[in-house]
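It should be emphasised that the depicted structure is a prediction, and the values quoted were computed from it without experimental measurement. The figures that follow rest on heavy atoms only: side chains count, while hydrogens, waters and symmetry mates do not. Throughout, protein chains are lettered first and strands after them, A, B, ... in sequence-line order, and every chain is numbered starting at 1.
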Amino acid sequence: MTTLFDTMTGSVTQLINPGQDTFSLYVCGPTVQDRPHLGHGRIVATYDLLRRHLRQQGLQVNLVMNVTDVDDKIITRAAQESTSAEAIASRYEAIWWETMDELGVERPDSTPHATDWVQAMIIKIQLMIDAQAAYVIEDGVYLRIASVPHYGLLTKQAFDQLQPGNRVEVNQAKESPLDFALWKRVDVSELGFDSPWGYGRPGWHTECVTMSIELLGPTFDLHGGGMDLIFPHHENELAQAQVLKTPFARHWAHVGFVEMNGEKMSKSIGNTFDLTEAIRLFGGRAVRLAYLRAYYRSPLEMSESTLNDALASLNRIDNFLDRGPYGRPEAGAVAAFTRAIDNDLDTPTAFSVLFDHVREGNTLYDLRQFDSAADKAATVHAMLDWIGLAPTTERLSIPPEISEAVEARQQAKQNRDYATADALRAVIEAAGFAIFDTKDGTELRKDRRLVIDRPSNEASSPEN
RNA sequence: GGCGGUGUGGCCGAGUGGUUAGGCAGAGGCCUGCAAAGCCUUGCACAGCGGUUCGAAUCCGCUCGCCGCCUCCA
């Protein structure tokens, strides 16, 4: 039943065929040249959601996310820092995966590195040359767009209307400005590889088409990435697949941009928000919630304010879960939640459902209907678990001395000895608990004061 | 110039031809010694102008604004 918007058809389509029990997914991963920013996290979190959602419906999902570890920018950076490209790539790849761990993103099943697949790329390039679809000129090998049967399927654009060179100078040696490099020759002093067309490096589009086909086969279920990959990257992958007579991806999906002040977050504008910093300030779960509460295809505004807002929402959920034990999840409610996700990953509606149950559960606690409240808690927990947002810490456990302090404080309160009561509160809060007096007694929660309210030098250890 | 997207209440952010999206923040109330929690109530929201309709924020037209892509980008 899962549906997803397919960039190719421009409509929401059935993602799974009847009887299908496996799902192969290729997501364009990072060029490991710098630290990830909030835009990168959204892509990874979105496909992590899709993967979990499909798997929990019984599908065996195979997720491949490539790592581009050879690239001009990596080399430039290495030169700037007087180190090797390999050192830059391995440093930022390590940061990438550690950061994704903190977002609650499961590692992909495969993470092919471009440098390990150069021979396979060379074979593909040779096939394209043999098919008269690619040509060799002075500085490399280019794909001849004119020989692609259907160029522009993804972009949906009349290519005679494009303005080549709008932003980048066109190599005049190419037969057509739209032709793109499969192999770029470089000086032997630079990082590169031997090939029939001289020492050089593979083109990015060739890297992904090669690794996806090699690892997932000539046809696979879904190819994904950010909106900005539609053109040229995915269009050009598809062009090569056509030339290679490979069916390639059955569906294409693209995630909307993260924006800041209404503008796409990108390095060239310089308005990036470092993902690791966001996680440090607000916690990985709050950042993940910030992503998932929006619809994945819409642009998403991200700032300290919106992240703080996300953390406040998360605290609302966690405070509720702290109020008591888990009972039995309400299957119908959980189904309503997952049904929303089934509908083109409609997480906003799913969260609307989730928060309804948080509110109902809180009301049940206030009414002292603890069994029903526990079932609500289990329901909400099951929803969170479905999307990878369940609390990662253990249930609230209260040490005996804190329980005693709570008891003593209750006594002091009854005696109207508020000085003692407040002193005991200080002890309890120092242990990391927050106190809430209700009609029926004192409840303890985890201290979840919003970190943004603290001076930034004290905000170094967000929860979880 | 071409193509695509978008404009929702203080903010984030869904949705849809007619019943409250949801969250955050704000206001009032309940509870309360206090308290960062919880519950209840509350906000002439749907860019503008026309049109279709019994009824439009939701459909159509026009106008305006913003954003993205047109070989760095997630």
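- What separates CG of A:Asp356 from C1' of B:rU20 is a distance of 10 Å, to the nearest Å.
- By the 4.0 Å N-to-carboxylate-O rule, A:Glu190 lies close enough to A:Arg201 to be salt-bridged with it.
- Using a 4.0 Å cut-off between charged nitrogen and carboxylate oxygen, A:Lys174 and A:Asp139 do not count as a salt-bridge pair.
- Comparing B:rG15 with B:rC72, their C1' atoms are spaced 36 Å from each other, to the whole Å.
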Working for side-chain hydrogen bond (donor to acceptor under 3.5 Å, both in side chains), residues A:Asp342 and A:His53: CA-CA 8 Å; A:Asp342 227 29; A:His53 183 68; 2.6 Å; yes

Base-contact (B) and sugar-phosphate-only (S) positions in nucleotides 9-15 of chain B, heavy-atom cut-off under 4.0 Å, - elsewhere: --BSSS-

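- For the pair A:Lys267 NZ and B:rA74 P, the computed distance is 9 Å after rounding to whole Å.
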Candidate pair A:His40 and A:Trp96, rule side chain to side chain contact (heavy atoms under 4.5 Å, CB included), full reasoning: CA-CA 9 Å; A:His40 299 112; A:Trp96 174 272; 3.6 Å; yes

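- When rounded to the nearest whole Å, the span between NE2 of A:His357 and P of B:rG22 equals 13 Å.
- The gap from the P atom of B:rG1 to that of B:rC54 amounts to 41 Å, rounded to the nearest Å.
- Under the Watson-Crick or G-U wobble criterion, with both distances below 3.5 Å, B:rC11 is paired with B:rG23.
- Of the two residues contacting RNA chain B, namely A:Ala419 and A:Ser352, the nearest-nucleotide position lying further toward the 5' end is that of A:Ser352.
- Within the 4.0 angstrom heavy-atom criterion, only backbone atoms of the sugar-phosphate kind lie near A:Glu259; the bases stay farther away.
- Salt bridge present: A:Asp48 and A:Arg288 bring a charged side-chain N and a carboxylate O closer than 4.0 Å.
- Applying the Watson-Crick and G-U wobble criteria (two distances, each under 3.5 Å), B:rG1 pairs with B:rC70.
- Taking atom P in both B:rG22 and B:rC3, one finds a spacing of 40 Å when rounded to whole Å.
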Polar atoms only, N or O, under 3.5 Å: list the protein pairs with nucleotides 35-41 of chain B and their distances.
residue, atom, partner, partner atom, Å
B:rA35, N6, A:Asp437, O, 3.2
B:rA35, N1, A:Asp437, N, 2.7
B:rA36, N6, A:Glu429, OE2, 3.2
B:rA36, N6, A:Arg449, NH2, 2.7
B:rA36, N1, A:Asp447, OD1, 3.1
B:rA36, N1, A:Arg449, NE, 3.4
B:rA37, O2', A:Arg445, NH1, 2.1
B:rG38, OP1, A:Arg316, NH1, 3.4
B:rG38, O3', A:Asn362, ND2, 3.2
B:rG38, O2', A:Asp366, OD1, 3.4
B:rG38, O2', A:Asp366, OD2, 2.4
B:rC39, OP1, A:Arg316, NH2, 3.3
B:rC39, OP2, A:Arg316, NH1, 3.2
B:rC39, O4', A:Asp366, OD2, 3.2

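- Contact annotation for A:Tyr418: base contact, defined as any heavy-atom pair under 4.0 Å involving a base atom.
- Contacts of A:Gly41 with the nucleic acid, taken as non-hydrogen atoms under 4.0 Å apart, are absent.
- Closest-nucleotide positions on RNA chain B for A:Glu263 and A:Ile43 were compared, and the one nearer the 5' end corresponds to A:Glu263.
- Under the Watson-Crick or G-U wobble criterion, with both distances below 3.5 Å, B:rA35 is left unpaired in every strand shown.
- No salt bridge links A:Arg409 with A:Glu407; every basic N to acidic carboxylate O contact stays at or beyond 4.0 Å.
- The base-pairing partner of B:rC44, taking Watson-Crick or G-U wobble contacts with both distances under 3.5 Å, does not exist among the strands shown.
- When the P atom is used for both B:rG48 and B:rG9, the distance is 10 Å, rounded to whole Å.
- Here, B:rA47 and B:rA21 have their P atoms 15 Å apart, quoted to the whole Å.
- For A:Lys413, no side-chain nitrogen or oxygen approaches OP1 or OP2 of B:rC34 to under 4.0 Å.
- Look at CD1 on A:Ile269: it is 15 Å from P on B:rC66, rounded to the nearest Å.
- One atom, NZ of A:Lys264, and another, C1' of B:rA74, lie 7 Å apart when rounded to the nearest Å.
- Ion pairing between a basic and an acidic side chain is recognised when a charged N comes within 4.0 Å of a carboxylate O; A:Asp344 and A:Arg297 show such pairing.
- A salt bridge is absent between A:Asp34 and A:Lys73: the closest approach of a Lys/Arg side-chain nitrogen to an acidic carboxylate oxygen does not fall below 4.0 angstrom.
- Taking atom P on both B:rG7 and B:rC46, the two are 13 Å apart, rounded to the nearest angstrom.
- A:Tyr365 comes within contact range of no nucleotide atom at all, as no heavy-atom separation falls under 4.0 Å.
- Protein atom CD of A:Glu93 is 15 Å distant from nucleotide atom P of B:rA74, rounded to whole Å.
- Counting non-hydrogen atoms under 4.0 angstrom, A:Asp179 reaches a base of the nucleic acid.
- Under the Watson-Crick or G-U wobble criterion, with both distances below 3.5 Å, B:rU58 is left unpaired in every strand shown.
- A:His254 comes within 4.0 angstrom of nothing in the nucleic acid, heavy atoms only.
- When rounded to the nearest whole Å, the span between NE2 of A:His234 and P of B:rG4 equals 20 Å.
- Contact between A:Asp71 and A:Thr68 at its shortest, heavy atoms only, is CB-CG2, 4.2 Å.
- The cationic group of A:Arg42 does not satisfy the cation-pi geometry with A:Tyr296, failing either the under 6.0 Å distance to the six-membered ring centre or the 45° limit from the ring axis.
- Within 4.0 Å (heavy atoms only), A:Asp422 reaches at least one base atom of the nucleic acid.
- Separating the C1' atom of B:rU20 from that of B:rG43 is a span of 13 Å, rounded to the nearest Å.
- Here A:Gly225 lies in heavy-atom contact (under 4.0 Å) with sugar-phosphate atoms only.
- Residue-environment remark: CG (A:Asp422) exceeds the threshold of 12 foreign heavy atoms within 6.0 Å.
- The residue A:Val258 sits close to a base: some heavy atom pair falls under 4.0 Å.
- Base pairing of B:rU6: its partner is B:rG65, meeting the Watson-Crick or G-U wobble criterion (both donor-acceptor distances under 3.5 Å).
- Geometrically, A:Lys264 engages A:Phe257 in a cation-pi contact defined by less than 6.0 Å to the ring centre and at most 45° from the axis.
- With both ends at atom C1', the span from B:rC49 to B:rG65 equals 15 Å, rounded to whole Å.
- Rounded to an integer number of Å, the gap from A:Arg416 CZ to B:rG33 P is 7 Å.
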